[in-house]
Amino acid sequence: PEAITVGELAKRMDEKGADLVKSLFKMGMAVTVNQTVDQDTAELLVTEFGHNIQRVSESDVEIGIEGDEDKDADLKPRPPVVTIMGHVDHGKTSLLDALRGTDVVAGEAGGITQHIGAYQVKTKEGTEITFLDTPGHEAFTAMRARGANVTDIVIIVVAANDGIMPQTIEAINHTKAAGVPMIIAINKMDAEGADAKNVRARLLEHEVVVEEMSGDVQDVEVSALKRTGLDELMEKITLQAELLELKANPDRAAEGTVIEAKLDKGRGPVATILVSRGTLKTGDIFVVGAESGKVRAMVNDKGEQVKEAGPSVPVEVLGLSGVPGAGDPLTVVPDEARAREVAEYRADVLQRARTTQTPTSVENMFSAMA
Ligand code: GTP
Ligand code: MG
């Protein structure tokens, strides 16, 4: 079969090689820009990136110039997607609880986060911020990598009484690899032995230079327990988000990403989708990974049924044919025939790709991308 390197394909698509590598990674293929993919995989990538495919000859993949990029005039401001990362027990979920005024930690088995929780919090100005919580446990590397991929800003939580730990460093590396700005939240300032100065100094060793040390990484001292520093944290997120000028077109067929998915005893396959552009509506027909479906119902982060979800909004979606993989893209399509066709095509390509690619570790992936 004909093959093309990821780097060459990226050049023809006028996309970044690292973005293609990330997409392939989400499909379960660990390849670097210098490695080749077969024609079917190349076509799949081209479709994922919204370009048109023209097969000029069996050996070539030509990319049409008109993709489905949104026009500037159609773009509207959207909420930032902020992922909370850090070492186990440094207070990620507590901090998010404090920001939301909830108590998720109390309901967690052993106080350990096992999945990515997605929530929206309103700022004082009335705008929304979308937060993704991640587990700090070392077993959950892939979830942190995934979190870094769909996010605009990462908050690295460091317990002031514990300092920089292995998953802190890992989170910093994921964030840098994803090219996303980070904000350091120095938590547990109320605890005995809390030493924010030491945290800042140790961050230097990992080339994270906070503002106080004349760098450009924002940092803020907080206590999730005593609920201090929270306003300042929200302000810093808002400031960072404003700099990014985040926009999306809400008036188009929706696209999004699976944050997590499971088979629910009562409700069948359920996926938490983070909408990236467009507006997802009940009744919409979609393809998600190698599955398809029709939105039967949507539930927001407050447990309420909703009929629509716009850009940066996380929703649980019911009505899937099966359980998709985390990180899988969701695309709304015109009709069920088209949905089945695309889903079958993707399943077929993924099946073949998985049997021909050698898996590498996530660490290799990121070093390959850097
Ligand atoms: P994982 O999800 O397992 O990685 O942990 P996490 O980072 O979400 O930590 P979590 O919020 O579950 O908090 C861990 C422990 O630290 C809990 O016992 C919290 O009560 C405690 N904790 C969190 N924030 C603070 C704080 O600001 N001060 C003090 N003293 N304790 C805190
Ligand atoms: Mg947690």
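In each ligand, atom 1 is the first atom listed, and ligand 1 is the first ligand listed.
With a heavy-atom cut-off of 4.0 Å, V105 touches ligand 1 through its side chain alone. Only the side chain of N187 comes within 4.0 Å of ligand 1, counting heavy atoms alone; its backbone N, CA, C and O stay farther away. Contact annotation for K188 and ligand 1: heavy atoms of both the backbone and the side chain come within less than 4.0 Å of the ligand.
The atoms of ligand 1 that sit less than 4.0 Å from any heavy atom of D190 are 26 (C), 27 (O), 28 (N), 29 (C), 30 (N). For ligand 1, the atoms closer than 4.0 angstrom to any heavy atom of S223 are 27 (O).
With hydrogens and angles left out, the side-chain atoms of T134 and R144 include no donor and acceptor closer than 3.5 Å.
Among the backbone and side-chain atoms of T134, none of the N, O or S atoms lies under 2.8 Å from the Mg ion (ligand 2). Using a cut-off of 2.8 Å, one finds that S94 contributes no N/O/S atom close to the Mg ion (ligand 2).
When distances from atom 24 (N) of ligand 1 to the protein are checked, a heavy atom turns up under 4.0 Å. Distance remark: protein heavy atom present below 4.0 angstrom from atom 29 (C) of ligand 1.
The shortest distance between side-chain heavy atoms of L204 and R200 does not fall below 4.5 Å.
A salt bridge is absent between K197 and E212; no separation between the charged side-chain nitrogens and carboxylate oxygens falls under 4.0 Å.
Of the candidates E170, K92, M165, M165 is the only one forming a side chain to side chain contact (heavy atoms under 4.5 Å, CB included) with H87.
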